[in-house]
Amino acid sequence: MKILIIGAGASGLMAGITSAKEGNDVTILEKTSQAGKKLLISGKGRCNLTNSVDISEFFNNIPGNANFLYSALYSFTNTDMINFIESLGVKTKVERGGRVFPLSDKSSDILNALLKEATRLKVKIQYNSKVEEIITKDNVAVGLVVNGEKIYADKIILATGGVSFKGTGSTGDGYKIAEKLGHTIIKPKPSLVGLDTEESFVSSMAGLTLKNVSITLKNDKNKKIYEDFGEMLITHTGVSGPIILSASRALHPYMDENNFVKNVKLYIDLKPALDNEKLENRIMRDFEKYKNKQFKNALFDLLPESMIPVVIKISGINEEKQVNAVTKKERKNLVTLLKSFPLTIKNLRSIDEAIVTAGGIKVSEINPSTMESKLIKNLYFCGEVIDVDAYTGGFNLQIAFSTGVLAGKN
Ligand SMILES: Cc1cc2nc3c(=O)[nH]c(=O)nc-3n(C[C@H](O)[C@H](O)[C@H](O)COP(=O)(O)OP(=O)(O)OC[C@H]3O[C@@H](n4cnc5c(N)ncnc54)[C@H](O)[C@@H]3O)c2cc1C
């Protein structure tokens, strides 16, 4: 069969390789002059290609339509991906949280291996080829229009990705193409993205990395909506870093059309290893050590430097006060502040900065066992163009690979 694939990203390449292995004549049409641009920048250039947790654990890490991905993830698992990429000569390693990377720490090794395998299997990649629409006849896909020219095929796979980091080529074309054929597009939203806070004082701490902290998001009814532990970053306008990116997904129900969030507070536990009593004892030991100093000069063992003026201000304790004059009540308030440092979430940052797009082609219109459209025969989907999304940790790329394999096989 003649197969046309739209998009040479993670999912399109995997679909192409799989389809060619089935003996098909495969051509991938890629809008930009390069394949896998997003794959190259993934994992900060190191490509966190999958996660080593048991495949059953994946579903807990997929807030966007996990059930739809059952067949895809079980028919091509994380172990299958690791074995596959190693069979192409790329050694892998597992890091904190089960994150799997190439041993070389180079995403280009993953991309080059996929491209080499595609070449070996005679998959053709046609660059600078922007697909504009899919041609159908009686609800059957028969071809497509690329750079104004019609090309016909037996089956077509749409693998155009989401709508974030537009410089990589994923500009949301797939949504328009699918919508024109009658598919429903669930409104794309930024996921895994930094957050801006109401408090402008964050800018004085910009660049600060907080390691081993716990975070909790609470709504206006003081109900916990998310919690996590790990590393985060303070930015000029708010917060970012791994645990914040994942937390951003939990804000979708609280977000308006312009990404603004109402009544959600973020609490950072700066000392999660210590309970209130232990932390107070620790503070008392520091105060004893610095007993002849002013309060502002007694916090260096406890907090990063750029955070000290901010904590002092919120604590309401006079910074000039001698440490041994700090009252018990003030000390207890300080403990509370360090255990739940409050910030008010203003908005999620724009979709262009998002690691992943939530939303996309409605899953109930796609056959989960084959990835074929339920509306248009011989049209298949894979990757981020579908309304699926996961947390950080390699889960999103595994979704792209697994859905790519399933579409390619079928
Ligand atoms: C900064 C960053 C870091 C990330 N890091 C990780 C990570 O470490 N681990 C992880 O699991 N996930 C990560 N992700 C997410 C992951 O990269 C994506 O989920 C994945 O690449 C999606 O694959 P895809 O094939 O669906 O889409 P893409 O990789 O976006 O590929 C889509 C392709 O389609 C092409 N295209 C679009 N429109 C057309 C058209 N009209 N005609 C022809 N071609 C077209 C595009 O040019 C592009 O090449 C990261 C994302 C970003 C932005």
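What you see below is based on every heavy atom in this structure, not just the backbone, and it leaves out hydrogens, waters and symmetry mates. Every number for a ligand or one of its atoms is a count from 1 in the order of the listing. These numbers were taken from a predicted model, which means no experiment stands behind them.
One side chain, Lys31 or Thr171, offers a donor N or O that lies under 3.5 Å from an acceptor on the other. Between the side chains of Lys189 and Thr357, no donor-acceptor pair of N or O atoms lies under 3.5 Å. With hydrogens and angles left out, the side-chain atoms of Tyr290 and Asp301 include a donor and acceptor closer than 3.5 Å. Side-chain N/O atoms of Arg46 and Ser104 include no donor and acceptor closer than 3.5 Å.
Below 3.5 Å of separation, one finds an N or O of Glu384 facing an N or O of ligand 1. Considering backbone and side-chain atoms together, Gly36 places no N or O closer than 3.5 Å to any N or O of ligand 1. Among the atoms of Gln34, none of the N or O lies under 3.5 angstrom from an N or O of ligand 1.
Distances below 4.0 Å separate heavy atoms of Ala400 from the following atoms of ligand 1: 23 (O). Those atoms of ligand 1 that come under 4.0 Å of a heavy atom in Leu29, given as number and element, are 43 (C), 44 (N). Heavy-atom contacts of Ser129 reach the following atoms of ligand 1: 42 (N), 43 (C) (cutoff under 4.0 Å). Of all the atoms in ligand 1, the ones that sit under 4.0 Å from a non-hydrogen atom of Gly43 are 3 (C), 4 (C), 5 (N), 6 (C), 7 (C), 8 (O). Those atoms of ligand 1 with a heavy atom of Gly383 less than 4.0 angstrom away are 26 (O).
Closest to atom 37 (C) of ligand 1, if we only count protein heavy atoms, is Gly169 O, 3.3 Å. In terms of protein heavy-atom proximity, atom 53 (C) of ligand 1 is closest to Phe165 CD1, 3.3 Å. Summary of contacts: the protein heavy atom closest to atom 45 (C) of ligand 1 is Lys31 CB, 3.6 Å. Val131 N, 3.0 Å is the protein heavy atom nearest to atom 42 (N) of ligand 1. Of all protein heavy atoms, the one closest to atom 9 (N) of ligand 1 is Asn48 O, 2.9 Å. With hydrogens left out, the protein atom closest to atom 11 (O) of ligand 1 is Leu397 N, 2.7 Å, a heavy atom. In terms of protein heavy atoms, atom 24 (P) of ligand 1 is closest to Ser11 OG, 3.6 Å. For atom 30 (O) of ligand 1, the nearest non-hydrogen atom of the protein is Ser170 OG, 3.4 Å.
Here the shortest heavy-atom distance to atom 48 (C) of ligand 1, taken over Met14, Arg99, Arg46, Glu30, belongs to Glu30. When the heavy-atom distances from atom 14 (N) of ligand 1 to Asn396, Ile355, Ile386 are ranked, the shortest goes to Ile355.
Note that Lys218 lies in the cation-pi zone of Tyr267, set by a 6.0 Å cut-off to the ring centre and a 45° limit from the axis.
At least one heavy atom of Ile6 sits less than 4.0 Å from an atom of ligand 1.
Between Glu117 and Arg120 there is a salt bridge, since a side-chain N of the basic residue sits under 4.0 Å from a carboxylate O of the acidic one.
Atom-to-atom distance recorded for Met284:CE and Asp286:CG is 11.0 Å, nearest 0.5 angstrom.
Using a 30° and 60° split on the angle between ring planes, Phe84 and Phe76 fall in the perpendicular class, above 60°.
Applying the side-chain contact (heavy atoms from CB on, under 4.5 Å) test between Leu4 and each of Ile28, Ile151, Leu158, Ile134 identifies Ile151 as the sole match.
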